[in-house]
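Since the structure comes first, as structure tokens, the remarks are kept for the end.
In the text below, chain A, chain B and the rest are named by the order of the sequence lines, each starting its count at 1.
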Number of protein chains: 2
Amino acid sequence: MATATERLRRYLDDELGECRPEDVDRRLEDLGALAGALSEERVTTDVAVLSALSSETRYAAVRVLVAAGEELCVCELNAVVDASESAVSHALSELDDAGLVEGRTDGRWRKYRATDRAVALVTVLDGATDE
Amino acid sequence: MATATERLRRYLDDELGECRPEDVDRRLEDLGALAGALSEERVTTDVAVLSALSSETRYAAVRVLVAAGEELCVCELNAVVDASESAVSHALSELDDAGLVEGRTDGRWRKYRATDRAVALVTVLDGATDE
DNA sequence: CCCGTAGTTGAACAGCTGTTCAATTAACCC
DNA sequence: GGGTTAATTGAACAGCTGTTCAACTACGGG
């Protein structure tokens, strides 16, 4: 880590023309603030959400639910998602854990809907909110 | 797949009270349209982007770049991202492949910035666009 | 040209992951 | 209560992944 700080000092020296120890300290502080702007817990949560979507089966399931705009029955997802029934069930379970879908039981049918967060993420991936 | 259609038929029967073969066909068509709204290529691309962010090292690097709002030198990232220099390099390379960062060489320094897409995704994860 | 620096990249490896298979659970109907 | 249906879940396994290590490439200065 000392070498990382050394290199940063040389970089600032290069950029600023001259570099005092306090310049390095300040820069490290500024950079640390950027990294520290979100908690470790938040990083873990966000990465869990992103991981939940980084599989074609789970992503497809979420896409269908978002496109539907309302809850769908698991048997409907099984009919259109290109994966086995068991794989779809695993996918829905993990999406539920990640807070991207919400499920409810209706008799022996089970229905899922996309959460607002899933909608927001999918919308961004579509580029609809590019501004 | 025949059993999936059979179950869908029973579901529609249950939901609609009665179910004709053309009802099943129509529903399958509607569901298929939801799934088919985006191309296979697009699914692959989106999943690649999401996968690129589903690692704490890559996610942290992108978060810092987004928070910085401007390009940072690799040595600056090395100073704040909690990973080895080599791991950070691998991370940046994959993020670049996924279109989430853009790099340029400045002498022997190498600098990266977050792309608009990365900014949009991170913003959504923050909930800033929840509406 | 040589040396040192900045950063990248490939291979190895430990650990992780998604699907399959089979068992299981819960609900409904007779 | 038994049988069937709807869906879930755990374990196994093949394949994938992130970090480390070491080698490499490119650039700048003397």
Listed pairs, N/O of protein and of nucleotides 15-18 of chain D, under 3.5 Å:
unit_1: D/dG18; atom_1: OP1; unit_2: B/Arg58; atom_2: NH2; d: 2.9
unit_1: D/dG18; atom_1: OP2; unit_2: B/Arg58; atom_2: NH1; d: 3.3

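Between A/Asp13 atom CG and D/dG29 atom C1' the separation is 15 Å, expressed in whole Å. Rounding to whole angstrom units, CG of residue A/Leu95 and P of D/dT9 are separated by 13 Å. For the pair B/Asp14 CG and D/dA6 P, the interatomic distance rounds to 9 Å; values are reported in whole Å. Regarding B/Glu56, its CD atom lies at a distance of 14 Å from the C1' atom of D/dT19, rounded to whole Å.
The two residues B/Arg58 and B/Glu94 make their nearest non-hydrogen contact at NH1-OE1, 3.1 Å.
A 4.5 Å side-chain heavy-atom check between A/Glu56 and B/Thr44 finds at least one atom pair inside the cut-off. You'll find the side chain of B/Leu31 stays beyond 4.5 Å of the side chain of A/Leu77, heavy atoms only. With a 4.5 Å cut-off on side-chain heavy atoms, A/Tyr112 and A/Glu76 do not count as touching. With a 4.5 Å cut-off on side-chain heavy atoms, A/Arg63 and B/Val43 do not count as touching. With contacts defined as side-chain heavy-atom distances shorter than 4.5 Å, the pair B/Leu12/B/Arg9 does not qualify.
Applying the 6.0 Å contact sphere to CD of A/Glu22 captures more than 12 heavy atoms from other residues, nucleotides or ligands.
A salt bridge links A/Arg42 and A/Asp46; the closest N-O separation between the charged side-chain nitrogens and carboxylate oxygens is under 4.0 Å.
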Practice problem: Indicate for each nucleotide in nucleotides 7-13 of chain C, in 5' to 3' sequence, whether protein heavy atoms under 4.0 Å reach the base (B), only the sugar-phosphate (S), or nothing (-). | Solution: BBBBB--

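If you find the closest nucleotide of DNA chain D to B/Arg10 and to B/Asp106, the one lying nearer the 5' end belongs to B/Arg10.
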